[in-house]
Amino acid sequence: MEGYKHILLAVDFEPVEIVADRAKALAETYQAALSIIHVVDNMPIPDTGYGLDTALDVDLTGEMIDAAKKQLSGLANKLGVEEDRLWVGLGSPKLEITRIAEENQVDLIVVGSHGRHGLALLLGSTANGVLHHAKCDVLAVRLKDN
Ligand code: AMP
């Protein structure tokens, strides 16, 4: 079997270490390029019913993208990943992760089995979505329940 050439680590920052370590170890094993992606989820804030539409109509997208870039840089430093291998997407995480993977000839996507979105599902919604949309291999690193 041919080894992996380009591994994409998808992070939502919490919990990240065990997933990042696994991606790094695999990249070393296969002498593969390692890239990292975080997608700023632009899901609209649902109508709260409080009549607060004006107060909530604040676009924090720019700030969120800047904050994500800073966090990604920190992680990239730790993992020894070059700045030009960092991606900050905007939109649906599963769609952006798989789109960037396809456009950049990624052959393995590494995600956590679940992330910030809770433990209700054995496999979190983003992990599940990536698994169904990706055209390449996907590794879901099993995370303990706390
Ligand atoms: P979830 O399905 O949201 O519980 O998250 C499972 C895994 O999907 C996380 O551990 C990350 O690896 C990845 N993930 C979730 N949300 C994002 C995001 N916004 N950007 C990049 N990766 C994500």
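Just so you know, residue 1 is the first one in the sequence shown, and it goes up from there. Each ligand, and each atom within it, is numbered from 1 in the order the structure gives.
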What atoms of ligand 1 come closer than 4.0 angstrom to any heavy atom of I97? 21 (C), 22 (N)
Which segment of I37 sits under 4.0 Å of ligand 1 when only heavy atoms are counted: backbone
Quick check on contacts: which atoms of ligand 1 are under 4.0 angstrom from a heavy atom of P93? 18 (C), 19 (N)
Around R22, counting heavy atoms of other residues, nucleotides and ligands shown, do more than 12 lie under 6.0 Å from its CZ? no
Heavy-atom contacts under 4.0 Å between A10 and ligand 1: side chain, backbone, both, or neither? both
Using a 3.5 Å cut-off on N or O atoms only, is A127 in polar contact with ligand 1? yes
Using modelled atom types only, decide if a donor and an acceptor are shared between the side chain of H133 and the backbone of K94 within a distance under 3.5 Å. no
Near V39 (heavy-atom distance under 4.0 Å), the atoms of ligand 1 are 18 (C), 19 (N), 20 (N), 21 (C)
Is S125 close to ligand 1, meaning an N/O of one under 3.5 Å from an N/O of the other? yes
When you look at NZ of K69, are more than 12 heavy atoms from neighbouring residues, nucleotides or ligands closer to it than 6.0 Å? no
Enter the distance from D21:CG to K78:NZ here, rounded to the nearest 0.5 Å. 9.0 Å
Counting only heavy atoms not in E82, do more than 12 fall under 6.0 Å of its CD? no
Value for NZ (K5) from CD (Q105), rounded to nearest 0.5 Å, stands at 11.0 Å
Looking only at non-hydrogen atoms, which of L131, V111, L72, T126 approaches atom 15 (C) of ligand 1 most closely? T126
At under 4.0 Å between heavy atoms, is it the side chain or the backbone of V110 that contacts ligand 1, or both, or neither? neither
What's the verdict on side chain to side chain contact (heavy atoms under 4.5 Å, CB included) for V88 and L72, showing C-alpha distance, side-chain angles and the deciding distance? CA-CA 8 Å; V88 175; L72 268 194; 3.6 Å; yes
